[in-house]
Amino acid sequence: MSQTVDRALSILPLLAEGPADLGRVADRLGVHKSTALRLLRTLHDHGLVYRQADQRYRLGSRLIALAQEAMENLDVREIAHPHLVRLNEQCGHTVHLAVHEEDEVLYIDKVESRYPVRMYSRIGKPVAITVAAVAKLLLADLPEAERRALAEKLDYPLYTARSTPHADAFLKELARVREQGWATDLGGHEESINCVAAPVRGADGRVVAAMSVSAPNVVVTAEELLTLLPLVRRTADAISGEYSGRTPAHHPDKDPA
């Protein structure tokens with residue numbers, strides 16, 4: 001039974017490459033055409049493959065619908081939270097997770113600093129979109145036309161002398177962030193607060209969320225905070241791997257089965 005299931009599932013990545021006829025499927029599986037046909041019929045009955053008029057098979061609409069449903073039901077916050085807590089335990093600073101919804105970037109999770117100086121950010125609250133490091137990462141991933149259209153309709157409040165002053169400067173910053181794969185806010189929103197952020201990516205490589213570490217100057221300098229960038233990026237990569245299904249969930253508090 002397990003060999004049959006394994007063979008049937010092996011057909012799906014083959015068809016993901018494009019339509020294939022019975023002979024090609026049989027050759028890829030290393031089985032007789034009658035065996036391959038039996039497997040294809042079973043997958044067809046479940047809507048996972050579809051037989052075209054030219055007798056080639058392609059992935060079925062049911063499989064695509066299941067994948068879409070699974071993606072919609074993935075909760076990036078639930079997946080990310082244990083990683084955010086671990087990062088907070090390692091560095092002691094405030095850790096945020098944010099997503100882009102319509103024309104806003106919102107915090108969806110926060111782990112407080114262990115230090116007495118706390119940040120006023122709140123879950124569900126929009127970030128300062130033209131200066132926040134998490135916003136830069138999320139907006140930098142948009143197609144160029146969307147980035148430009150959004151940049152041109154935003155207001156650019158001068159929170160501090162380091163705030164982004166206008167759309168051209170913002171677009172240049174987004175291009176730099178897109179190329180380097182990480183972002184900072186060094187006193188752009190509040191003079192005394194610095195932040196470094198990294199992207200969380202889905203299976204298609206697109207940025208689905210951004211996570212950051214923030215700290216006030218009285219606790220750590222901007223230069224010292226930047227030394228945490230490798231750790232922040234490793235954490236974001238770990239969340240990305242679990243969210244996209246490339247790596248299994250990590251449960252440090254549980255013994256291996």
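Separation of the Y107 and H96 ring centroids falls under the 6.0 Å cut-off. Proximity of the aromatic rings of H93 and Y115 is defined here by a centroid distance below 6.0 angstrom, and this criterion is met.
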Set out, in order, the CA-CA distance, both residues' side-chain angles and the distance that settles side-chain contact (heavy atoms from CB on, under 4.5 Å) for R62 and H46, then state yes or no. CA-CA 8 Å; R62 176 60 178 158; H46 288 275; over 6 Å; no

Is there a side chain to side chain donor-acceptor pair (under 3.5 Å) between H83 and R86 once you walk through the steps? CA-CA 5 Å; H83 297 273; R86 266 196 303 280; 3.1 Å; yes

For the pair K110 and T94, evaluate side chain to side chain donor-acceptor pair (under 3.5 Å) and give the outcome as yes or no after the intermediate values. CA-CA 7 Å; K110 177 183 181 182; T94 302; 5.8 Å; no

Can you list the steps and then say if E224 with T227 is a side chain to side chain donor-acceptor pair (under 3.5 Å)? CA-CA 5 Å; E224 290 169 331; T227 65; over 6 Å; no

Quick one, T164 with E173, criterion side-chain contact (heavy atoms from CB on, under 4.5 Å). Give me CA distance, side-chain angles, the key distance, then yes/no. CA-CA 9 Å; T164 308; E173 175 69 3; 5.6 Å; no

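Side-chain atoms of R178 come within 3.5 Å of backbone N or O of A140 as a donor-acceptor pair. Proximity of a side-chain donor or acceptor of R162 to a complementary backbone N or O of L186 within less than 3.5 Å is detected. R114 places a side-chain N or O within 3.5 Å of a backbone atom of E89 that can act as its donor or acceptor partner. Counting only distance, with no hydrogens or angles, the side chain of H32 and the backbone of T35 share no donor-acceptor pair below 3.5 Å. A distance-only check finds a donor-acceptor pair linking the side chain of Y156 to the backbone of A151 [under 3.5 Å]. In this structure, the side chain of N194 engages the main chain of G187 through a donor-acceptor pair within 3.5 Å.
Between V31 and R7 the shortest side-chain heavy-atom distance falls below 4.5 Å. Within the 4.5 Å cutoff, side-chain heavy atoms of H100 are placed close to those of L139. Side-chain contact between K153 and D103 is present, with at least one heavy-atom pair separated by less than 4.5 Å. Counting heavy atoms from C-beta on, the side chains of I239 and L84 come closer than 4.5 Å. Side chains of V196 and S212 form no contact here, defined as non-hydrogen atoms less than 4.5 Å apart. Side-chain contact between L15 and R58 is absent, with no heavy-atom pair separated by less than 4.5 Å. Counting heavy atoms from C-beta outward, S163 and T130 have side chains that stay 4.5 Å or more apart. In this structure, M211 and V232 have side chains that are in contact, with non-hydrogen atoms separated by less than 4.5 Å.
Hydrophobic clustering (side-chain heavy atoms under 4.5 Å, transitive across Ile, Leu, Val, Met, Phe, Trp, Tyr) keeps V105 apart from V131. In the hydrophobic cluster analysis, where Ile, Leu, Val, Met, Phe, Trp and Tyr join through side-chain heavy atoms closer than 4.5 angstrom, V111 is grouped together with L97. Hydrophobic clustering places V127 together with L174 (ILVMFWY residues linked when any side-chain heavy atoms are closer than 4.5 Å, directly or through intermediates). The hydrophobic cluster containing L40 also contains L9, counting ILVMFWY residues as joined when their side-chain heavy atoms lie under 4.5 angstrom apart, directly or transitively. Both L150 and F170 belong to a common hydrophobic cluster when Ile, Leu, Val, Met, Phe, Trp and Tyr are linked at side-chain heavy-atom distances under 4.5 angstrom.
Taking each heavy atom of A209 and V99 in turn, the nearest pair found is CB-CG1, 3.9 Å. N217 approaches A222 most closely through the heavy-atom pair OD1-N, 4.3 Å. Nearest approach of V213 to C91, heavy atoms of both residues: CG1-SG, 4.1 Å. For the pair A98 and L138, the tightest heavy-atom approach, listed with the atom from each and the gap, is O-CD1, 3.8 Å. In terms of heavy atoms, A215 sits closest to L225 at CB-CD1, 4.2 Å. Closest heavy-atom contact between L137 and A183: CG-CB, 3.8 Å.
Rounding to the nearest 0.5 angstrom, the gap separating the OG atom in S214 from the CD atom in E190 is 9.5 Å. The CD atom of E17 sits 11.5 Å away from the CG atom of L12 when rounded to the nearest 0.5 Å. Annotation: the span from L29 atom CG to L14 atom CG amounts to 7.5 Å, rounded to 0.5 Å. In this structure, CG in L228 is found 10.0 Å from CZ in R234, a value given to the nearest 0.5 Å. Atom CD1 of residue I193 and atom CG of residue D185 lie 9.5 Å apart, to the nearest 0.5 angstrom. Rounding to the nearest 0.5 Å places CG of L37 at 5.0 Å from OH of Y57.
The environment of OH in Y50 is sparse: at most 12 heavy-atom neighbours from other residues, nucleotides or ligands sit within 6.0 Å. Counting non-hydrogen atoms of other residues, nucleotides and ligands closer than 6.0 Å to CD of E78 gives a total of 12 or fewer. A 6.0 Å sphere centred on CZ of R41 holds no more than 12 heavy atoms belonging to other residues, nucleotides or ligands. Counted within 6.0 Å of CD on E112, heavy atoms from surrounding residues, nucleotides or ligands total more than 12; the atom is thus considered enclosed.
In this structure, R77 pairs ionically with D109, as a charged nitrogen and a carboxylate oxygen lie closer than 4.0 Å. Salt bridge annotation for E152-R147: absent, with no cationic side-chain nitrogen under 4.0 angstrom from a carboxylate oxygen. Contact check on R206 versus D204 returns no salt bridge, with no Lys/Arg side-chain nitrogen under 4.0 Å from an Asp/Glu carboxylate oxygen.
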